[in-house]
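Side-chain atoms are counted along with the backbone in the values below, which use heavy atoms only and exclude waters and symmetry mates.
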Amino acid sequence: MKMMPMKMMISRIYSWLTACFGHNDDHEMWSRQIPNDVMGLVLQRLPRPDYIQCRDVCPTWRDIIDSSSAAPHHLLPWLLLDSKHLFFIKDGCLVSDHRKISTLVKPRCVGSIEGWLIMHEYVKKSRYFLNPITGARVILPSSKCIEKEKVVASSVPTRREHCYVVSLNLLSGRLAFCRPTDQSWTPIEAFEPETENALDFRDVEIVAGKLYAATSSALEFLMVFDINLNGGVPSYTAERVVMHYPSDGGIKLDYKMYFRTWYLVKDFESHELFLILRHTALAQVTEGFQVLKLEHCDSSGGARWVEIVDLGSRILFVSMLNNKCISSERGLSGSNDKTLERNCIYFAFDWHSTETSPIVDFGVFSLTKRSVKPLSCPINHLSRELNQIVWFTPDPW
């Protein structure tokens with residue numbers, strides 16, 4: 001049975017309610033006649049794009065949605081392109097939400113946490129959290145411009161006593177952190193034990209309040225920073241976690257003739273940390289992935305990477321600026337994407353070509369089939385600035 005378009009459905013609901021309760025100059029009168037618990041049950045069954053659209057119908061519906069009591073159970077991420085355009089996944093394609101999140105001169109999205117984006121405005125040298133649904137902002141300390149940057153957060157900014165953010169300079173590999181209430185950023189320093197050269201970090205992730213940082217030698221060790229937010233001056237302690245594995249490497253790396261890049265991904269529910277190995281051809285097109293899970297060695301200390309060939313119910317979403325892990329059981333329950341599969345990795349990358357405009361590499365890699373299929377993107381959004389691709393889950397709270 002074919003689903004009715006959202007606008008037509010809302011129009012029919014409006015017509016039916018007007019017939020039942022009569023027309024009134026107060027356009028919210030009819031919406032107030034619906035009990036909040038009944039309205040909540042209806043909203044919970046909507047796909048997230050339709051759920052977000054319902055927020056724009058009237059203030060009454062907006063209040064119900066903003067209360068978070070009627071949130072849909074599924075949490076399938078959306079994709080943000082060029083720091084302005086929102087897309088959701090439907091039937092193997094990226095579908096535009098037709099809303100722009102910002103009208104600033106030159107903002108750039110550098111990360112996300114749940115329903116919040118982390119923005120960097122170069123003109124004013126300002127950083128801030130932005131909720132693109134409500135427009136709410138939480139200001140972060142200003143700092144110098146960084147051409148290529150990734151920022152991660154320990155929690156949403158509404159939990160200020162637990163929230164801190166970490167900036168990774170993708171060109172220099174340097175780190176710095178701050179709280180929303182701080183006046184400045186605190187540099188994080190770590191050095192090679194033999195040469196005392198500063199470590200060049202490639203990716204970061206915050207798990208259970210601790211910062212995990214990976215270099216190009218992520219298979220050999222990770223740096224773990226315990227950030228202390230108590231007291232007036234923020235501080236940190238550092239630990240080098242060495243990976244234990246057999247002398248032959250223990251992990252067989254696929255696609256040895258290709259390039260490899262590393263990405264850290266955490267599971268919000270289980271607090272597990274994964275290392276994603278992306279294999280690319282000479283043309284920088286994604287050929288496949290390997291997934292490693294961090295396991296701590298209680299007896300000998302240190303840790304080890306264990307290869308995972310089956311993610312179970314998990315689905316991973318990977319890009320240069322952020323990564324997400326969700327349960328396909330939750331994602332499939334209310335998604336309007338009929339092609340969503342378990343045990344797969346959705347990826348979105350871009351790069352410069354010497355002969356053409358910026359090229360995007362969007363697709364879905366199945367760990368079960370060990371194959372890649374394309375994820376279609378609207379043509380009018382393919383020529384854009386680089387490194388502004390972010391996965392995030394829209395929420396009005």
Side-chain angles (χ1 to χ4, degrees), residues 47-49 52 71-81 83 86-90 94 97 101 109-118 129-133 150-157 165-166 168 203-208 211-212 214 261-278 286 289 291-294 308 311-335 337 339-350 361-367 375 387-395 397:
R48 187 165 290 266
I52 296 299
H73 297 298
H74 58 279
L75 297 171
L76 188 63
W78 287 18
L79 194 65
L80 175 68
L81 296 183
S83 297
L86 299 173
F87 295 85
F88 57 90
I89 302 171
K90 182 177 181 181
L94 291 169
D97 183 58
I101 66 167
C109 184
V110 293
S112 74
I113 175 76
E114 298 183 24
W116 292 79
L117 302 173
I118 306 172
F129 286 96
L130 171 68
N131 188 315
I133 305 303
K150 173 178 180 175
V151 179
V152 296
S154 60
S155 70
V156 295
V165 297
V166 176
L168 167 62
D203 202 9
V204 290
E205 188 57 274
I206 299 174
V207 182
L211 172 65
Y212 289 76
T261 48
W262 322 87
Y263 305 94
L264 294 174
V265 184
K266 69 176 175 182
D267 186 324
F268 273 93
E269 296 182 358
S270 66
H271 299 294
E272 293 175 306
L273 182 67
F274 298 91
L275 181 67
I276 310 302
L277 280 61
R278 175 186 172 221
T286 300
F289 291 89
V291 180
L292 312 179
K293 185 175 75 170
L294 181 66
I308 303 297
L311 292 168
S313 63
R314 296 183 180 99
I315 303 175
L316 303 182
F317 296 81
V318 182
S319 70
M320 181 176 290
L321 292 181
N322 78 326
N323 310 298
K324 287 189 174 294
C325 174
I326 69 165
S327 168
S328 60
E329 295 174 354
R330 300 179 68 184
L332 287 168
S333 63
S335 172
D337 180 12
T339 66
L340 191 66
E341 301 177 12
R342 60 177 293 279
N343 197 35
C344 65
I345 300 174
Y346 282 74
F347 60 90
F349 298 99
D350 57 10
D361 179 22
F362 293 177
V364 185
F365 177 74
S366 170
L367 284 168
L375 182 62
N387 309 129
Q388 297 193 33
I389 302 177
V390 176
W391 295 102
F392 86 108
T393 305
D395 274 321
W397 50 85

Compute both the distance and the angle, then confirm whether Arg278 meets the cation-pi test with Phe349: under 6.0 Å from the six-membered ring centre, within 45 degrees of the axis. yes
With Cys109, the side-chain contact (heavy atoms from CB on, under 4.5 Å) member among Leu321, Val390, Leu130: Val390
Are any side-chain N or O atoms of Ser319 and backbone N or O atoms of Ile389, one a donor and one an acceptor, separated by less than 3.5 Å? yes
Side chain to side chain contact (heavy atoms under 4.5 Å, CB included) between Leu79 and Phe362, intermediate numbers included: CA-CA 11 Å; Leu79 194 65; Phe362 293 177; 4.2 Å; yes
Looking only at heavy atoms, which two atoms of Asn322 and Ser112 are closest? And how far apart? ND2-OG, 2.7 Å
Give a yes or no on whether the backbone of Leu264 and the side-chain of Asn323 come within a donor-acceptor separation of less than 3.5 Å. yes
Distance from Lys324 atom NZ to Glu114 atom CD, nearest 0.5 Å? 7.0 Å
Partner of Phe268 by side-chain contact (heavy atoms from CB on, under 4.5 Å), out of Ile326, Ile113, Val207: Ile113
Atom pair NZ/CD1 of Lys150 and Ile118 - distance to nearest 0.5 Å: 10.5 Å
What pair of heavy atoms forms the shortest contact from Ser366 to Cys344, and how long is it? CA-CB, 4.2 Å
To the nearest 0.5 Å, atom NZ of Lys266 lies from atom OH of Tyr212 at 11.0 Å
Short side-chain to backbone donor-acceptor contact, Asp267 and Glu272, under 3.5 Å: no
Could you go step by step and tell me if Tyr346 and Leu375 meet the side chain to side chain contact (heavy atoms under 4.5 Å, CB included) rule? CA-CA 8 Å; Tyr346 282 74; Leu375 182 62; 4.1 Å; yes
Check for a donor-acceptor pair, side chain of Asp203 on one end and backbone N or O of Ala214 on the other, with a separation under 3.5 Å. no
Over all atoms of both residues, closest heavy-atom pair of Pro132 and Leu117: CG-CD1, 4.0 Å
Calculate, to the nearest 0.5 Å, the distance between atoms OG and CZ belonging to Ser270 and Arg314 respectively. 4.5 Å
Specify whether Phe347 and Phe289 have parallel, tilted or perpendicular ring planes, treating 30° as the upper limit for parallel and 60° as the lower limit for perpendicular. tilted
Ile206 vs Val204 side-chain heavy atoms within contact, under 4.5 Å: no
CD1/Ile345 to CD1/Ile276 distance, rounded to the nearest 0.5 angstrom? 5.0 Å
For the residue pair Ala208 and His271, what are the closest heavy atoms and their distance? N-ND1, 4.2 Å
Looking only at heavy atoms, which two atoms of Arg342 and Ser313 are closest? And how far apart? NH2-N, 4.5 Å
